[in-house]
Amino acid sequence: MQLQGKVAVVTGAASGIGNEIAKTFLREGAQVVIADLKGAEEAAKVLDPSGKKVIGVAMDVTNEQQVNDGIDKAVKTFGHVDILVSNAGIQIVAPVEQFEFAKWKMLMAVHVDGAFLTTKAALKYMYKQGTGGSIIYMGSVHSKEASKLKAPYVAAKHALEGLAKVVAKEGAEHNVRANVICPGFVRTPLVEKQIPEQAKELGISEDDVVKNVMLKDTVDGEFTTVEDIAAVALFFASFKTNALTGQSLVASHGWFMQ
């Protein structure tokens, strides 16, 4: 029960990685707020039908009012907020010369603006509480290096590393830590959607996308799992000191090694 007495807000937690993080935090004793554009309340009821330990809030992370309202509701319901996992994300693939500016702005808004807005809203309470906190951003191996067809995604994931470092420095006097998790390919609906899209753009089969694009640089040809990433999130959320603040951790089956 490493998170006993803690309150965690996890964005994009109605499914995928975020949902597994919510499950893990709940199992470790936390009260959890599932924040998502759709399906948050339903996902919360699945995890905790009583509503005593898990609630869902509808949140578009690009909408400042919805973000502020969601964090306010978390504190009103559970009394405080100790952990934020900024996990909400989308993916759009296309070569740079064909990438629509509107889609670029949409992706950047979800990943970067969303991280900023949720961080700002959570820090307001973390600083007042005087008990510290943990801000965790969902980066990617693409926080470290690039892949074709993913210009805004790579740019956004790099930006999260910079944001985390600033939050780590500013939050230190309040005992607020900031970290970035950098997964390799995790076979979530977001990744499943990319397989046929990349096959079309690259002119190869879907099997070749998986084997020769997504997993070609791993040591074992295996996808990273949602359980892998939830374990890393728990590690950062439960870490007792500032020793690792500002750091990122890559979980990619050896795709990227620092």
Applying the 4.5 Å side-chain criterion to the ILVMFWY set and letting contacts propagate, would V176 and L244 be lumped into a single cluster? no
Has K124 got more than 12 heavy atoms of other residues, nucleotides or ligands less than 6.0 Å from its NZ? yes
How far apart are the C-alpha atoms of F256 and E145, what are their side-chain angles, what is the distance that settles it, and do they pass the side-chain contact (heavy atoms from CB on, under 4.5 Å) test? CA-CA 8 Å; F256 180 89; E145 61 178 41; 3.3 Å; yes
Given V67, D113, L123, N68, the one that forms side-chain contact (heavy atoms from CB on, under 4.5 Å) with T118: V67
Under the side chain to side chain donor-acceptor pair (under 3.5 Å) rule, what do N87 and Y137 come out as? Steps first, then yes or no, please. CA-CA 6 Å; N87 168 74; Y137 300 103; over 6 Å; no
Quickly, which of I21, T24, V186 forms a side-chain contact (heavy atoms from CB on, under 4.5 Å) with V226? Name it, please. V186
With a 3.5 Å distance limit and no angle check, can you tell me whether Q66 reaches the backbone of D60 through a side-chain donor-acceptor pair? yes
Nearest 0.5 Å, what's the CG-CG distance between L47 and N19? 5.5 Å
Where does the angle between the aromatic ring planes of H142 and F185 fall among parallel (under 30°), tilted (30 to 60°) and perpendicular (over 60°)? perpendicular
Residue among L3, I135, L234, V32 satisfying side-chain contact (heavy atoms from CB on, under 4.5 Å) with I83: L3
Flag side-chain contact, heavy atom, 4.5 Å: T218 against F223: no
Testing the basics here: between S252 and V141, what is the closest heavy-atom pair and its distance to 0.1 Å? CB-CG2, 3.5 Å
Contact check, side chains of V10 and V33, non-hydrogen atoms, under 4.5 Å: no
Could you tell me whether K148 and E201 make a salt bridge, using a distance below 4.0 angstrom between a side-chain N and a carboxylate O? no
Do I229 and E20 come close enough that some side-chain heavy atom pair is under 4.5 Å? no
Taking S248's backbone N and O only, do any of them form a donor-acceptor pair with N179's side chain (distance below 3.5 Å, no angle check)? no
Examine Y153 together with H111 and report whether their ring centres are nearer than 6.0 Å. yes
How about NZ on K144, more than 12 heavy atoms from neighbouring residues, nucleotides or ligands closer than 6.0 Å, or not? yes
Can you confirm whether more than 12 heavy atoms, excluding those of E41, are under 6.0 Å from its CD atom? no
Do K105's NZ or CZ and the ring of F101 fall within the cation-pi criteria of under 6.0 Å and 45°? yes
Does E197 come within less than 4.0 Å of K193, counting only side-chain N to carboxylate O? yes
Taking I90 as the starting point, is it possible to reach L37 by hopping between hydrophobic residues whose side chains are less than 4.5 Å apart? no
